[in-house]
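Here the structure comes first, spelled out in C-alpha cells, and everything after it is commentary.
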Amino acid sequence: MKLVRYLVYCLSETGANVFDYRGLSVVALVTSALSMLCVGLFFLIYVNIHGVVQSLEEDITMNLYLDENLSADKMLELERVILSYPEVGNVRFISSRDAIEAYLKRYPTEKDLMESFGNQALPASFVVGLAPTHRTVEGVGSVAKKIEGVSGVSEIQYGQEWIQTLWWSTQLLMLIGLVVGVTLTLASIAIVANTIRLTLFNRKHDIGILRMLGATEAFIRGPFLLEGVTLGALSGGGALILLKIIFESFIYRVGDGFMQGHSIVFLPPPTLAGVVVCGALLGFVGALLSLKQTRKVWA
Amino acid sequence: MKLVRYLVYCLSETGANVFDYRGLSVVALVTSALSMLCVGLFFLIYVNIHGVVQSLEEDITMNLYLDENLSADKMLELERVILSYPEVGNVRFISSRDAIEAYLKRYPTEKDLMESFGNQALPASFVVGLAPTHRTVEGVGSVAKKIEGVSGVSEIQYGQEWIQTLWWSTQLLMLIGLVVGVTLTLASIAIVANTIRLTLFNRKHDIGILRMLGATEAFIRGPFLLEGVTLGALSGGGALILLKIIFESFIYRVGDGFMQGHSIVFLPPPTLAGVVVCGALLGFVGALLSLKQTRKVWA
Amino acid sequence: MIKLFHVYKQYDTKLVLSDVTLLVEKGDICCIVGPNGAGKSTLLKLMFCQKKPDRGQILINNQNVTHMSQKAISAVRQRMGFVFEDYRLMLRKTVLQNVALALTIAGTPLKQGRQNIDRVLAALGLEHKKHDIASTLAAGEQQRVCIARAVVSDPLVLLADEPTGILDSAAAIEVFDLLRGMSMRGTTVVLATQNQDVADRFPQHRVMLNHGRVTEQ
Amino acid sequence: MIKLFHVYKQYDTKLVLSDVTLLVEKGDICCIVGPNGAGKSTLLKLMFCQKKPDRGQILINNQNVTHMSQKAISAVRQRMGFVFEDYRLMLRKTVLQNVALALTIAGTPLKQGRQNIDRVLAALGLEHKKHDIASTLAAGEQQRVCIARAVVSDPLVLLADEPTGILDSAAAIEVFDLLRGMSMRGTTVVLATQNQDVADRFPQHRVMLNHGRVTEQ
Ligand SMILES: Nc1ncnc2c1ncn2[C@@H]1O[C@H](COP(=O)(O)OP(=O)(O)OP(=O)(O)O)[C@@H](O)[C@H]1O
Ligand SMILES: Nc1ncnc2c1ncn2[C@@H]1O[C@H](COP(=O)(O)OP(=O)(O)OP(=O)(O)O)[C@@H](O)[C@H]1O
Ligand SMILES: [Mg+2]
Ligand SMILES: [Mg+2]
C-alpha cells in the first residue's frame, strides 16, 4: 500500500519533471537516441557480416599435398593419423590422377603440357574437412600447424591469405565497433545525466523541503531515477525504430550485392528487447551519476 | 566609467559562476576542448596533405605523343598552337631518338629489342608544362580535353589515374572534414550552451532580483555571455595545446614517411589565433542559445 | 518531549548560542522570545537536526539526536512538524499536494490522511484554496499552508518559527487556537517569535533569548 | 507621485482588485491596510510594473506605465525601490554586494554610492554585518538588508510590502524613522501591511483595502 503510493508519487513527479522541461527532454531523447542508433547500426552490420563469415568458415577445407612416390601403406597410415586429430572431421583422398583429371576438366587446352609431365604432373593430396567445433579461422590455423610436422606431407594449402584477411577484417570491425560503442554509450549516459542534473537543479528548493519533511535519500531519488530510466528506455526504443526504418529503406537494398546470396537479417527479437533494457540501464546510470551531488549540495 | 563598473561586475559574476560550478565548468572545458581538438586534428592533416598535393600539382606535366611520320613543319605548327593556349606554360620537344636514348639509359638490357624496331621504336612527343595558374588537377584535365581534338596528336598522357585518385582523396578528405567539423562544432556549442543553462537555472532567483532592480536584458546577459566566450576561448586554447603536444610527440614522427620529403608543418599562427577566436565565438553562440529562454521564463 | 543540556553553537568566532539548557514537557507550549539575531531560529534548527551543536546534548522524545545518521534523522523528522522561514512551499504544486506530501512521507494511512487534511485546512480557513497552485496564493495564505502541512500528520513535536509574522489578527488567532488544540492532544510545541504580543498569549512557558543566552525562563 | 485610475485586476474568474483609484503625492507616505488576501501585494506589483492591470491606468511620476516596453520598465524601476516578499537577497553575496548592486544598476556615482551605503546600513543597525554572506544572516537582518537595498539609491518611489512583519520593535522603529526621513527628502512611499499597529503609525494617508476594494481613504 505504501509502495503503491510511493510509485504513484514517483510517476507523477517524473511526469511533472518531463513535462515542465519538455524541450530539454525532447533534445535529450533525440540526441541519445541518435547515439544509440549509431551503436545499433554498427551492431547490425556486425551481426550480418558475422553471419557471412560463419557460413564462409563452414566451407573451410585444407589441402594436404603429399610427397611424391609415397607408398600406399604410408598414405593409409597418414590418413589414420590425420583422422585421429579431434579438430579433423573428415578426410578425402585425391590421387595424382584424379587431380590431373580435375585440372584438365577446367583447362582442357593444357592437355599437351600435362601429358609431357607424365603421371606425376600433380601430387596426390588429402582434402581435410574440419570438425564442426573447429570450423573457424583460428581453428584451421591451429590444425595446419599440427599437421605441418607430419612426415609425408609436402605442403598445406588452406587459402591463408583470404582467411587472414577475413580474420583481420572481423577483428578490426569488432575493435571499431567497440570503440564507437563505448564512446557513444558514454555520450548517451552523459546526455541523460546532464538532463537529469538540469531538472535536479530546478528542484533544489523542493528537494530541500522533502528532506525537511523527513524523506529519505531513496524517496527523493526515486523520481529522478525513474526519469533517467524512462528517458533511456525511450531513447533505446526510438533508436530501434530509426534502425528499422533505415534497415527497410536503405541497408536492405544496398547490402544484398555484398552479401553473396546470404540474406541480410535485422537484429533478433531478444537483442531488440536487450537494446531497450540497455537504454533503461544507461539512463539509470546517468541519473545515478547526476544524483551523486544531491546529498553533498542539499544536506 | 559606467562601462568599467559594468565590466567589473561581469567579470566578478562570471568568476563566481565558474567557481561555484567549477566541476561542471571543467567537464565542459575538457569535452569541448576534445571536440575542438578533433576538428583541429583534421584541419592539421588537411593543411599538410594540401601542401603535398600542391607541390605535386606543380610537377604535373603532360606528354603529347605525336603521330608517326609527322613532318617537321607540322610539328612546329603544332607547338605554336599548343603554346597559344593560356593554360600552357611551356612546351619541350622530345624527338623519337631522344626518347629511345632516354629509354635505353633506364633499361640498358633492352638494347637489342629497341634496335629491332628501328628509329621509330618510340614516337616523338611534346612535354607540356602548365601555366602556374592552371597547375591543378582540374587544370590539367581541361587542357587535355582541349588538345585531344588537335590533329597530329596521337595520344595524351598525364597520369590520369593517380591524378584522379589524388583529386578524389582530397575531395573526400574535405567532405569528411566538413562533416566531422560541423558535427563537433555543433557539439561544442551544445556543451557550452548546456553548461551556461545549468548556471543560469541556478541563478534564476538572482536573475529575478536583477530584473526587479531595473537591470536591462543586456545587463543580465552580460556575465553569461562572458562565461560562454571564456569557456569557448579556453576550450580553443586547450585544444591547440593538446594539438601541439600530439603534433610534437606523434604526428611529426609518424608522418614523415608518408610525406615524400615534404616537411610537416603545424598550423600557421593566424590560424592558431583564429581557432581561439572561433572557440570564443562558439561559446558566445552557445550562451546566446541558452539565454533565449531567460526572457520567457523569468519575465 | 524536548531536552537541551548546555548547548553551544558557534559560527567562526561568533557564538550564536551559549549554554542553553531547556526542558519542554510533552504537550507543553514553549514560547521562545527574543529580538532579531538572538538565535531563536538557530535553536529551532538544532532541535530539528538541521544543524549540529558544537557542545551539549539534545534529546527529542528521549532520543539523543546530537550524533545521528542522516537516515535516523529522516525518521525523527517524520514525527515532527516545522514552520520555518526558508523551506516553504513547492510553488508549482497545489495546496492539497503540498499538504498531502507530508502525509505520504510520514506514511499516514490514506483515509485518516484525507480527514486530517480537510480538518486542518478548515481550521486555517483554506478550504476554498485547496486546489489553487501555491504560487498564486497571497503571502499570508502561503504561510497558513505551511502551518497546515506542519500539523497535518499529527506530529509529536511541532517547531514553529515566527508563524504569524505576516498573518492578520484573525488568522493569527486561528493559528494560536490550532496550536493550543494540538498541545492539548499531546503535541509538544516550540514557538519562536520576536513579537511580545504573540509571546503574551503563551504565558505558561516562556523563554527569553538574547545574544544566544537564556535570560529568563 | 503615483496615480491609479479605476484599476481592475483579475485572475481567471477571481477579481483581486476592483475599481481602485488612488493618488499618492510626491513625498507622501501612503499606508495600505487590509487582511491577508486583500490584494495589497497585487496592488504594489501593479505599481512596480510587475503585473499589468486588466483595466484602468497607472501613472508613476507622470509616466503612464500601463503599456510599456520591458526596456522602459527597467528604466522606471531604476528610480524605484522595493521591499517585496519574494525577490529577496542574493544569498551567495555579502550584504555590501547586495546593496551595492542596486547602485550599480541605477548608475549612481561611486563616491556618493559609498556614502549612501554607509549611511543606510548605519540607520538600520547593519554596519557590523557589512561583509557577512547574506545566507548567514538572521531572518530579520535579511529583511533589513532588503530595506537597505531599496532605499540606498534614493529612489523617487519606494514600495514596501510588509517590511516589518518579522522585525522586532526596535528594528521596526528604525525602519519607520528611515521611511519618514526619505519621505521628507521627497521620496513617495507606499507601504502595505495587515498590521493595525503599523498602520497607526502612518495616520496621514491611510487606505483600507478589503477583498480588492478600497473601503476607506
Ligand atoms: N550559517 C551561519 N553562519 C554565520 N552566522 C550565522 C549563521 N546562521 C546564523 N548566524 C548568525 O547567528 C545569529 C542568530 O541567527 P538566528 O537566525 O538564529 O536569529 P533569530 O533569533 O532567528 O533572528 P530573527 O528574529 O531575525 O529570525 C545571527 O546574528 C546570524 O548572523
Ligand atoms: N497569480 C495569481 N493567480 C491567481 N490568483 C492570484 C495570483 N496572485 C494573487 N492571487 C490571489 O489574489 C488575492 C490577493 O493576493 P495578494 O497577494 O495581493 O494579497 P495580499 O493582500 O498581499 O495578502 P497578504 O497580506 O497575505 O500578503 C489572493 O487571494 C490570491 O490568491
Ligand atoms: Mg529567525
Ligand atoms: Mg502580500
Side-chain angles (χ1 to χ4, degrees), chain C residues 11-12 14 16 33-45 51 84-86 88-89 91 124-126 128-129 131-133 135-145 161-175 192-199 209-212, chain D residues 11-12 14 16 33-45 51 84-86 88-89 91 124-126 128-129 131-133 135-145 161-175 192-199 209-212:
Chain C
Y11 291 110
D12 297 328
K14 190 180 151 94
V16 176
V33 202
N36 295 142
K40 306 182 296 292
S41 300
T42 305
L43 190 59
L44 261 63
K45 281 176 185 166
K51 301 232 158 112
F84 283 178
E85 297 142 334
D86 21 32
R88 305 185 61 78
L89 299 178
L91 292 174
L124 289 164
L126 287 169
H128 58 292
K129 298 278 179 186
H131 297 291
D132 284 19
I133 301 291
S135 64
T136 69
L137 296 183
E141 292 162 353
Q142 285 188 13
Q143 179 72 354
R144 274 179 279 162
V145 178
D161 193 357
E162 205 79 69
T164 57
I166 54 168
L167 294 189
D168 59 44
S169 44
I173 288 170
E174 281 177 2
V175 171
T193 181
Q194 44 70 29
N195 192 326
Q196 276 297 338
D197 297 345
V198 172
L209 199 67
N210 221 325
H211 294 297
Chain D
Y11 290 110
D12 298 329
K14 190 181 152 89
V16 177
V33 201
N36 294 141
K40 307 181 294 295
S41 300
T42 306
L43 192 58
L44 261 60
K45 282 176 184 164
K51 302 231 159 115
F84 283 179
E85 295 143 336
D86 21 32
R88 304 184 61 77
L89 300 178
L91 291 174
L124 290 164
L126 287 169
H128 59 294
K129 297 278 181 187
H131 298 291
D132 283 20
I133 302 291
S135 65
T136 68
L137 296 183
E141 292 161 353
Q142 285 187 11
Q143 178 73 354
R144 275 179 278 162
V145 178
D161 194 357
E162 205 78 72
T164 57
I166 54 168
L167 295 189
D168 59 43
S169 44
I173 288 171
E174 279 175 4
V175 171
T193 183
Q194 44 69 31
N195 191 325
Q196 276 299 334
D197 298 343
V198 172
L209 199 67
N210 222 325
H211 294 297

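Lettering follows sequence order; numbering is per chain, from 1.
- For Ala139(D), the parts sitting under 4.5 Å from any heavy atom of chain C are the backbone and the side chain alike.
- Among Leu137(C), Ile166(C), Val16(C), the residue making the largest number of heavy-atom pairs under 4.5 Å with chain D is Ile166(C).
- Residue Asn36(D) holds its CG atom at 8.0 Å from CD of Glu162(D), rounded to the nearest 0.5 Å.
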Open item on the list: The test is side-chain contact (heavy atoms from CB on, under 4.5 Å); show your working for Glu85(C) and Leu44(C) and say whether it passes.
Closed with: CA-CA 11 Å; Glu85(C) 297 142 334; Leu44(C) 261 63; over 6 Å; no
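- In this structure, Arg144(C) CZ and Glu174(C) CD are separated by 6.5 Å, a value rounded to the nearest 0.5 Å.
- Interface check for chain D: of the options Gly140(C), Ala138(C), Ser41(C), the most heavy-atom pairs under 4.5 Å are formed by Gly140(C).
- Interface residue Asp197(C): only side-chain heavy atoms are found under 4.5 Å from chain D.
- Within the 3.5 Å criterion, the main-chain N or O of Pro35(D) finds a donor-acceptor partner in the side chain of Lys40(D).
- Between chain C and the options Asp168(D), Thr164(D), Thr193(D), Asp161(D), the largest number of non-hydrogen pairs under 4.5 Å is found for Asp168(D).
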TODO: Could you please spell out the steps behind the side-chain contact (heavy atoms from CB on, under 4.5 Å) verdict for Leu167(C) and Gln194(D)?
DONE: CA-CA 7 Å; Leu167(C) 294 189; Gln194(D) 44 69 31; 5.9 Å; no
